[in-house]
2 protein chains.
Amino acid sequence: MPKDTFFNLPEDKRTLICDVAIHEFAEYSFDRASINRIVAKSGIAKGSFYQYFEDKQDLFLYLMQLAAEKKVNYLSPLMHNPDQHDIFTLIREIYKSAIQFAAENPEYAEISKKLLANKGAPIYREVMADSFPSAYMFFETLLENAIARGEVRADIDVKMFAYMIASMNTLVIEYYTKYVAQHYDKKMLETIEKFLDFLKYGIGENNSESQKGVKL
Amino acid sequence: MPKDTFFNLPEDKRTLICDVAIHEFAEYSFDRASINRIVAKSGIAKGSFYQYFEDKQDLFLYLMQLAAEKKVNYLSPLMHNPDQHDIFTLIREIYKSAIQFAAENPEYAEISKKLLANKGAPIYREVMADSFPSAYMFFETLLENAIARGEVRADIDVKMFAYMIASMNTLVIEYYTKYVAQHYDKKMLETIEKFLDFLKYGIGENNSESQKGVKL
DNA sequence: GTAAGATGTGACCCTGCGGTCATGTGACCA
DNA sequence: TGGTCACATGACCGCAGGGTCACATCTTAC
């Protein structure tokens, strides 16, 4: 947690520091990010920085917290009653909010990506300890319920596909932001529909049910 | 490329240096890897290191080249006649060889993972310039041919699924090495079959063809 | 034996890092 | 006016990084 001194700062100064820091972490990863650069670009003295934050990690964890708060705002209202919707609808909403967040906050998305990439680093565990334990579990529960309701084949490996579905979210985001568009627009919805159709029916030809999900 | 001096070295010394370096890059990522540590662990003087290699990048690219050569040996003989097999068989073989390589060369796999994670870093482009242009193209061609032969639905987005299939390989490897086993054994084949079945039929319930792919 | 060339060596250079601290400054209150 | 307290400052510290270089030591050939 930042020190009181930081929160006593005028808001524009605080925002400036955060913006500069986000930019820095998006460009350089935790280890290579430089406090010297951050203070230079923020126009504050290095000593001041350490009046605001304990250390580099303190700043980073604070930014991650800001990101998490911001991310919650993207969640669909459908998620408030997960039992009332089928799993594919829920996954669609989750993916949508994640892509929208990534598209509208590319620097946060970049930081997450860099973090995910450095799974060995000490900072990774520090961050994940705060936020991640629930993600895979959530998809596992989702799958189990969906199987019970007959929406999903009962013979799948739940753990494996909880992992796959959680991770494929990142893949779809990467594909979308890299090859389709940098912004959240109607093509995003098309991309998600394509993926959901695949998730449901696969890419194999001999499947009478396929193409149902795609209405493009 | 390493200098002549390096190749004039006795083989055991060369191997030792490579082993130490691989270990270092597997643990620390390109930027954080330390030449000081490498020379210390190899028992050579720092000056000697720069008689062998131009710089850190020179060493790293050389190791990547070694990895690529080693990886080729894992490729299935089926890949010599890709036209004679259906796309799911080919994907199975590609995934198998990738997992086997990762399982038997965990440190190389770790280096790749770290590299993939730092897509912004200069070293990433340097490596990918050598090796990557063909990967997505390969899967695109594979998909187009498969569609022409009626193995794959004609309505899919080829570019998107070339990307997904290439990337999901990494996901399956990660899942396998993290949750199933550290070695290449029969469970690996089961994991791949589960994935192929998913790729072909999806996870949706209303699919008369599903479960065909799984014979466990 | 000795000259020449290839190899080996580690002290050393510069740079940038995260982090500290003595000192300065200005607002507020008595 | 003087004291106090929150905040600002940048020179400075120790350290580790990549990379260099003058010199020592081996190998080979005549």
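Hydrogens, waters and symmetry mates play no part in the numbers below; they use all other heavy atoms, side chains included. To find a chain, count down the sequence lines: A is the first, B the second, and so on, and within it residues start at 1.
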| request: Check every strand shown and say whether A40(B) touches a base, only sugar-phosphate, or nothing at a heavy-atom separation below 4.0 Å. | output: nothing
| query | Does one side chain, of D86(A) or T89(A), offer a donor that lies under 3.5 Å from an acceptor on the other? | reply | yes
| query | How many Å lie between CZ on R14(B) and C1' on dG8(C), as a whole number? | reply | 18 Å
| field | Partner set under side-chain contact (heavy atoms from CB on, under 4.5 Å) for R32(A), not counting sequence neighbours | value | Y28(A), S29(A), D31(B), A121(B)
| query | In chain order, what residues pass the side-chain hydrogen bond (donor to acceptor under 3.5 Å, both in side chains) check against E107(B), with sequence neighbours excluded? | reply | H23(B)
| message | Contact between Y52(A) and P2(A) at the side-chain level, heavy atoms closer than 4.5 Å - yes or no? | response | no
| query | Using 30° and 60° as the class limits, which term best fits the ring planes of Y179(B) and Y163(A): parallel, tilted or perpendicular? | reply | perpendicular
| said: Does S34(B) reach a base, just sugar-phosphate, or nothing at all? Heavy atoms under 4.0 Å. | reply: sugar-phosphate
Between N or O atoms, less than 3.5 Å apart, protein on one side and nucleotides 4-7 of chain C on the other: list the pairs.
{"unit_1": "dT7(C)", "atom_1": "OP1", "unit_2": "N8(B)", "atom_2": "ND2", "d": "2.7"}

| said: Parallel, tilted or perpendicular: which one describes the rings of F101(B) and Y108(B), with boundaries at 30° and 60°? | reply: parallel
Solution key, residues 57-64 of chain A side-chain donor-acceptor pairs under 3.5 Å, sequence neighbours excluded:
{"unit_1": "D58(A)", "atom_1": "OD1", "unit_2": "M1(A)", "atom_2": "N", "d": "2.5"}
{"unit_1": "D58(A)", "atom_1": "OD2", "unit_2": "E54(A)", "atom_2": "N", "d": "2.9"}

| message | Mind checking if R37(A) touches a base, just sugar-phosphate, or nothing, with heavy atoms under 4.0 Å? | response | sugar-phosphate
| task | State whether the distance check finds a donor on one side and an acceptor on the other, under 3.5 Å, for side chain K56(A) versus base dG19(C). | result | no
| field | E11(B) bridged to R14(B) by N-O distance under 4.0 Å | value | no
| field | Close aromatic pair by centroid cut-off 6.0 Å: F195(B) and F88(B) | value | no
| Nearest-angstrom distance from the residue atom CG of D31(A) to P of dC17(C) | 13 Å
Using a cutoff of under 3.5 Å, can you pull out all pairs of nitrogen or oxygen atoms linking the protein to nucleotides 23-29 of chain C, with atom names and distances?
none

| request: Report yes if at least one side-chain N or O of N36(A) is closer than 4.0 Å to OP1 or OP2 of dG16(C); otherwise report no. | output: no
| Is any side-chain N or O of Y50(A) closer than 4.0 Å to OP1 or OP2 of dT20(C)? | no
| Salt bridge E110(A)-K113(A), side-chain N to carboxylate O under 4.0 Å | yes
| field | Parallel, tilted or perpendicular: ring planes of F198(A) versus F198(B), cut at 30 and 60 degrees | value | tilted
| Interface limits on DNA chain D, where chain B has a heavy atom under 4.0 Å of a nucleotide atom | dG17(D) to dC21(D)
| Nearest nucleotide by nearest heavy atom, which residue falls closer to the 5' end of DNA chain C, S48(A) or A33(A)? | A33(A)
